[in-house]
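For reference, the structure is listed below as structure tokens.
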Amino acid sequence: MKFTTSFFPTQKELPVDATIPSHVLMLRAGLIRPLAAGVYSHLPIGLRVMQKVMQIIREEMNAIGGQEVFLPALNPIELWQETGRVEDFGDIMFHVKNRPMVLAPTHEEVICSIAKNFLRSYRDMPQIWYQIQTKFRNEPRPRSGVLRGRQFLMKDSYSMDSSWEGLDESYDKHAGAYKKIFSRCGLKFFIVGASSGAMGGSGSQEFMVESASGEDTCAVCPKCGYAANVEVAVSNIPPLPRTDGELKLEEIHTPKVRTIDELVEFLNVPAEKLAKSLVYMQNNKIPILVLMVGNDQLNETKLANALGANIRPMHPEEIVQFTGAHSGSLGPIGLKNFKIVADKRLKDANGLISGANKDDYHIENIDFARDVRLDGYYDLREVKENEPCVECGEQLRVVNAIEIGHIFKLGTKYAEGLKTYFLNEKGEEKPIIMGSYGIGVERIVASHIEQNHDENGIIWDTSIAPFQIHLIGLNMKNETVREASENVYQLLIANGYEVIFDDRDDVTAGFKFKDADLLGMPLHVIIGEKNLSDGNVEIKIRRTGKRSVVAIDDILNKIEKLLH
RNA sequence: CGGGGCGUGGCUCAGUCCGGUUAGAGCGCACGGUUCGGGACCGUGAGGUCGGCGGUUCAAAUCCGCCCGCCCCGACCA
């Protein structure tokens, strides 16, 4: 496609509203335009990338027997009331004002409504149906460009099986397909076990791309491949040892000492001698004391999962009301009406110091086995960088990551809610066993840019590049250059290449080079007067910056080699 | 929803504190000319209800109130 007759709105100035690389580059390279918070238009180049990604997805989904469907985004709210997910989604779901309808944030309900009428027998299964469609979610805070939008393109597939073994098989097929899809899209990714959360079901895994711009945090082992979301990750950090001697509880005066670091300094003891106290409210009514070792960080998701409840940090007024002291002087000794839980590292430890529930006082020689009435030890701490891997002992890395895919074994939750039954071999009525498997299409594009860019712009992998070749005619007012460029353009497209041709005659060479680097096609073919006078053109590899001068007659050979 | 920031030509911003010619700059755009291998230059020109509504005032981009929108941090995130 030619620049002069196309819509390729690049911009050199930094967009003020974008902060992360992929967002900045998608705007500058003219892939997207914002319309409202979390809502983007996809312009020609951006759409081409999305289409490349979708094509890869389709090929791999079809390869595991998936069948593409196209489902309504507009759903009767009644359908969602049947599964109780109107409440589950709450404000996340968009509601239509002048009809009892909602905009679908996902499509389990619609799939079931179809399946219940047509999958009546075990002989009708297994089935895999997938869609690549816009989903709507009223995110409280859209952010990071296309990474968290209110309207986004998602590949969702749904497996329907008549047995649990069948579900395992469908799930494994998807896991395999996902690895191929993300690899083909040129992404470096890893897979983590995840909790199935409100989707319910028996198992789930997330496909993650490491990125400073990611919203998730994962612990990954560089040696054995252990990887887990910090919401579930564990490390091999040892529990606290018991020390000899039976020392009595003693109150110590600690004026104005509130933080663990201040205590370490004031008492001149290691942080591992301190039991940090955090206070939460469970379901808004039960006060919870959480004890952690020294400066171990509490992971609130782990706490919520351990308690099986909603939790929130206690407000300062509540802390005083329930404990009689302020944050910084709290501890397990003498605390009444609290549910007390502790991190596993504290199990049966002794010789510890914690707050006295009296401002400016702490208590020493606390023995968890002797002095503390505990409601349980749980894994509550967040894994930190460089802690030993549970699998192999290697130092763990803790990284931010973008979730690009998530696969769930749903089981029978939706089928039961929507009365989606079939008859098994014995003629018994059973709920269909489902799985659901999502991929964020925009997230693949943004992740790819996050992983593949430099200070000049995007560096596309050939597999999803909007064009393979960026052809530059340097001085298009020079008749020789114009003619040669046009000929090369025709030659390349005649040979099946996707070419973007900068045929503008009103910008300078430097301007074109900058645009080419920004747009990031894998190969740049540069046609200028000097090389042309020797019958040559220049080919630049965007990723390496490496240039070579080749004879015009040899272009096709050279390009073929460089692209594969 | 809490905290912070911002809203002035297509883009990036100045001007707002301390009200007062005809609201500016750079980039982009149009026309003419010179350039032509790393975001060229000269000249001419078009383009703005200063986010919206209301108020104060002789006078509002500027002060006050309400509202809307966008970005960032947090909460939230099947």
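Lettering of chains follows the sequences in order, A, B, ..., and the numbering in each one begins at 1. In this text, all values refer to a predicted model and were calculated from it rather than measured experimentally.
Residue Glu215(A) has its side chain nearest to C77(B) when only C76(B), C77(B), C70(B) are considered. Nearest to the side chain of Arg141(A), among G74(B), U12(B), G39(B), sits G74(B). Distances from the side chain of Lys12(A) to the nucleotides C70(B), G39(B), G38(B) place G39(B) closest. Checking G38(B), C77(B), C70(B) against every side-chain atom of Ala36(A), the shortest atom distance belongs to C70(B). With G37(B), C27(B), C72(B) as the candidates, the nucleotide lying closest to the side chain of Thr19(A) is C72(B). Nearest to the side chain of Lys477(A), among G26(B), G37(B), C36(B), sits C36(B).
Pairing partner, A30(B): U44(B), with both Watson-Crick or wobble hydrogen-bond distances short of 3.5 Å. Partner assigned to G74(B) is C1(B), using Watson-Crick or G-U wobble distances below 3.5 angstrom. Here G65(B) sits opposite C53(B) as a Watson-Crick or G-U wobble pair (both hydrogen-bonding atom distances under 3.5 Å). The partner of A59(B) is absent, by the rule that a Watson-Crick or G-U pair needs both atom distances under 3.5 Å. Within the shown strands, U12(B) is the pairing partner of A25(B) under the Watson-Crick or G-U definition, both distances less than 3.5 Å. Nucleotide G37(B) is matched to nothing when pairs are restricted to Watson-Crick or G-U wobble geometry with both distances under 3.5 angstrom.
If you check distances only, the side chain of Arg28(A) does reach the base of G39(B) with a donor-acceptor pair under 3.5 Å. Taking only distance into account, the side chain of Asn475(A) never meets the base of G37(B) through a donor-acceptor pair shorter than 3.5 Å. Side-chain N/O atoms of Glu13(A) and base N/O atoms of G26(B) include a donor-acceptor pair closer than 3.5 Å.
The separation between Asp517(A) atom CG and G39(B) atom P is 12 Å, rounded to whole Å. Per the geometry, CZ belonging to Arg504(A) stands 17 Å off C1' belonging to U35(B), to the nearest Å. The separation between Lys135(A) atom NZ and C77(B) atom C1' is 16 Å, rounded to whole Å. Counting to the nearest Å, the C1' atom of A40(B) and the CG atom of Asp506(A) are 13 Å from each other. Distance CG (Asp515(A)) to P (G37(B)): 17 Å, rounded to an integer number of Å. One atom, CG of Leu35(A), and another, P of C71(B), lie 11 Å apart when rounded to the nearest Å. If you measure from atom CG of Asp505(A) to atom C1' of G32(B), you get 15 Å, rounded to the nearest angstrom. In this structure, Lys512(A) places its NZ atom 13 Å from P of G38(B), rounding to the nearest Å.
Among Leu523(A), Asp454(A), Ile458(A), the single residue meeting the side-chain contact (heavy atoms from CB on, under 4.5 Å) criterion with Arg542(A) is Asp454(A). For the side-chain contact (heavy atoms from CB on, under 4.5 Å) criterion with Ile439(A), the lone passing option out of Ile181(A), Ile404(A), Asp156(A) is Ile181(A).
Once rounded to the nearest 0.5 Å, the distance linking CD of Glu82(A) with SG of Cys112(A) reads 10.0 Å.
Contact annotation for Met154(A): base contact, defined as any heavy-atom pair under 4.0 Å involving a base atom. As judged by a 4.0 angstrom heavy-atom cut-off over every strand, Asp91(A) is placed among residues making no nucleic acid contact. The residue Arg143(A) sits close to a base: some heavy atom pair falls under 4.0 Å. When heavy atoms are screened at a 4.0 angstrom cut-off, Asn478(A) is found touching no nucleic acid atom at all. Residue Ser144(A) is in sugar-phosphate contact alone, with no base atom involved, counting any heavy-atom pair closer than 4.0 Å across all strands shown. Ile472(A) comes within 4.0 angstrom of no nucleic acid atom, judged by non-hydrogen atoms across all strands. If you check every strand for non-hydrogen atoms under 4.0 Å, Lys540(A) touches a base.
Taking 4.0 angstrom as the limit, Arg148(A) places none of its side-chain polar atoms (N or O) nearer than this to OP1 or OP2 of C77(B). Close to C36(B), at under 4.0 Å from its OP1 or OP2, lies no side-chain N or O of Thr508(A).
Of the C1' atoms belonging to U49(B) and A60(B), the separation is 14 Å, rounded to the nearest Å. Comparing the C1' positions of G74(B) and G38(B) gives an interatomic distance of 43 Å, to the nearest angstrom. Using atom P as the reference point in both A30(B) and G37(B), the two lie 22 Å apart (nearest Å). Between the C1' atoms of A46(B) and C31(B), the separation comes to 10 Å (whole Å). Using P as the reference atom, C58(B) and G2(B) are 38 Å apart when rounded to the nearest Å. For C13(B) and U21(B), the C1' atoms lie 24 Å apart once the distance is rounded to whole Å. Separation of the C1' atoms belonging to U12(B) and C18(B) is 27 Å when rounded to the nearest angstrom. Using atom C1' as the reference point in both G4(B) and C42(B), the two lie 46 Å apart (nearest Å).
The aromatic rings of Phe189(A) and Phe207(A) sit tilted, their planes meeting at an angle between 30° and 60°.
Using a 4.0 Å cut-off between charged side-chain N and carboxylate O, Lys409(A) and Asp168(A) make a salt bridge. Between Arg547(A) and Glu538(A) a salt bridge is recorded (basic side-chain N to carboxylate O distance below 4.0 Å). For the pair Arg504(A) and Asp502(A), the salt-bridge criterion is met [side-chain N within less than 4.0 Å of a carboxylate O]. Classification of Asp296(A) and Lys384(A) as a salt-bridged pair holds, one side-chain N sitting under 4.0 Å from a carboxylate O. A salt bridge does not link Glu231(A) to Lys302(A): none of the charged side-chain nitrogens sits closer than 4.0 Å to a carboxylate oxygen.
Stacking is found between Phe513(A) and the pyrimidine-like six-membered ring of the G38(B) base under the 5.5 Å centre-distance and 30° plane-angle cut-offs.
Toward the 5' end of RNA chain B, the nearer of the two residues Met476(A) and Asp17(A), judged by each one's closest nucleotide, is Met476(A). The 5' end of RNA chain B is approached more closely, in terms of each residue's nearest nucleotide, by Tyr40(A) than by the other of Tyr40(A) and Ile311(A).
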